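These notes concern the structure reproduced below.
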Amino acid sequence: MGIDSIKKKFMNIQQNLAGKIELKNNFGMKDIKLVAGVDLGYWDQDGKHFAVCCIVVVDFHSREVKEKVWSSGEITVPYIPGFLAFRELPLVMEAKAKLVSDPDIYMFDGNGYLHYTHMGIATHASFHLEKPTIGIAKSYLKIKNTEFIMPENTVGAYTDIVINNEVYGRVLRTRKDVKPVFVSCGNWIELDTAMEITMSFINGESRLPVPVRLADLETHVMREELSENGNV
DNA sequence: GCGACAG
DNA sequence: ATCTTGTCGC
């Protein structure tokens, strides 16, 4: 099976789900108690690719870490820009199954609506998690040759990424003198709310919101452990 | 055909 | 994503 037939298959799945996206809050901010951050780390072993997915659950109000889970395994799906979800979601769902708590919302390292077909990993994941999601990308995925406008160098400054009169996502300056992040809706949430939650989780240690940052750090720790002792 | 390309 | 030294700044 060549890469083109894989893409074709993936595209069908994306288009089916894309029609079900709803960018309206299906919750009130006051209902948000637990926020999960999701990230993956990779390494090679015996000529194979492995990864570990870490999910860190943080209490929105107290900022306490409530739970951490991880799941690792071999990765066989290649990285194809636009189809990240197909590569990473299996491990994400495996890790999610280990959660005892039930997060109200999930934040991903990557895009959501800011995607060729609005089906970035954050949006795609929402249909499996059945929870609202937010996408936080560290670099820009250019769509339809549209460049983004750099927001001014002030905390909280932002510019919208508009393509064909539609807002795909937002370039947000979470810290001064640091590259901005790219925030987009995953699903069942509005962009303003996604940005509000993102900004509320900026603590001065990173340009990334706490849940995603902690998941990122956990990913590095677990990778060292697993790549030494053999994969689990 | 060529270039661009989240993680 | 990952491979990596020095270096600037709080």
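A quick note: this is a predicted structure, and the numbers were derived from the prediction, not measured. Scope of the values below: all heavy atoms of this structure, side chains included, with no hydrogens, waters or symmetry mates. Reminder, nothing fancy here: chain letters follow the sequence lines and each chain counts from 1.
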Every protein N/O lying under 3.5 Å from an N/O of nucleotides 8-10 of chain C:
none

**Q.** Residues which pass side-chain hydrogen bond (donor to acceptor under 3.5 Å, both in side chains) with A:His49, listed by chain and number, not counting sequence neighbours
**A.**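 Once residues adjacent in sequence are excluded, the partners of A:His49 under the side-chain hydrogen bond (donor to acceptor under 3.5 Å, both in side chains) criterion are A:Asp44.
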Q. Which part of the nucleic acid, if any, lies within contact of A:Asn111, taking any heavy atom under 4.0 Å across all strands shown: a base, the sugar-phosphate backbone alone, or nothing?
A.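 Since a base atom lies under 4.0 Å of A:Asn111, the category is base.
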Q) If you look at every strand shown and take non-hydrogen atoms under 4.0 Å, does A:Phe83 touch a base, only sugar-phosphate, or nothing? A)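 Base contact - A:Phe83 has a heavy atom under 4.0 Å of at least one base atom.
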Q) Is the closest side-chain heavy-atom distance between A:Lys66 and A:Ser101 below 4.5 Å? A)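 No, too far: nothing below the 4.5 Å cut-off.
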Q.
Could you check whether any side-chain heavy atom of A:Lys179 comes within less than 4.5 Å of a side-chain heavy atom of A:Tyr140, counting everything from C-beta outward?
A.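 No, every pair of side-chain atoms sits at 4.5 Å or beyond.
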Between [N] ([atom2]) and [X] ([atom1]): distance, integer Å:
X	N	atom1	atom2	result
A:Tyr140	B:dA6	OH	P	11 Å
A:Phe86	B:dA6	CZ	P	17 Å
A:Glu88	B:dG7	CD	P	9 Å
A:Leu84	B:dA4	CG	P	21 Å
A:Lys142	B:dC5	NZ	C1'	10 Å
A:Ile143	B:dG3	CD1	C1'	16 Å
A:His115	B:dC5	NE2	P	14 Å
A:His220	B:dG7	NE2	C1'	12 Å

Q) Does A:Asp192 come within less than 4.0 Å of A:Arg170, counting only side-chain N to carboxylate O? A)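 Between A:Arg170 and A:Asp192 there is a salt bridge, with a charged N closer than 4.0 Å to a carboxylate O.
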Q | Between CD1 on residue A:Ile3 and NZ on residue A:Lys8, distance to nearest 0.5 Å | A |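 A:Ile3 CD1 to A:Lys8 NZ: 15.0 Å, rounded to 0.5 Å.
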(Q) Nearest 0.5 angstrom please: A:Ile21 CD1 to A:Phe127 CZ, how far? (A)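 The CD1 atom of A:Ile21 sits 5.5 Å away from the CZ atom of A:Phe127.
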Q) Between B:dG7 and A:Ser139, is there an OP1 or OP2 to side-chain N/O distance shorter than 4.0 Å? A)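 Looking at the OP1 and OP2 atoms of B:dG7, one of them is under 4.0 Å from a side-chain N or O of A:Ser139.
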Q: Check the angle between the aromatic planes of A:Phe10 and A:Phe86 and answer parallel, tilted or perpendicular using the 30° and 60° thresholds.
A: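 Rings of A:Phe10 and A:Phe86: parallel, under 30°.
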Q: Taking the six-membered ring for Trp and the single ring otherwise, decide whether the centroids of A:His115 and A:Tyr168 are under 6.0 Å apart.
A: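 Aromatic pair excluded; centres sit 6.0 Å or further apart.
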Q. Using centres under 5.5 Å plus planes under 30 degrees as the test, is A:Tyr79 stacked with B:dG7?
A.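 Here A:Tyr79 meets both the 5.5 Å and the 30° conditions.
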(Q) Give the residues of residues 116-138 of chain A touching DNA chain B, defined as any heavy atom closer than 4.0 Å, sorted by residue number. (A)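 Correct list: A:Gly120, A:Ile121, A:Ala137, A:Lys138.
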Q. Yes or no on side chain to side chain contact (heavy atoms under 4.5 Å, CB included) for A:Leu172 and A:Met199, after CA distance, side-chain angles and deciding distance?
A. CA-CA 9 Å; A:Leu172 174 64; A:Met199 275 311 302; 3.8 Å; yes
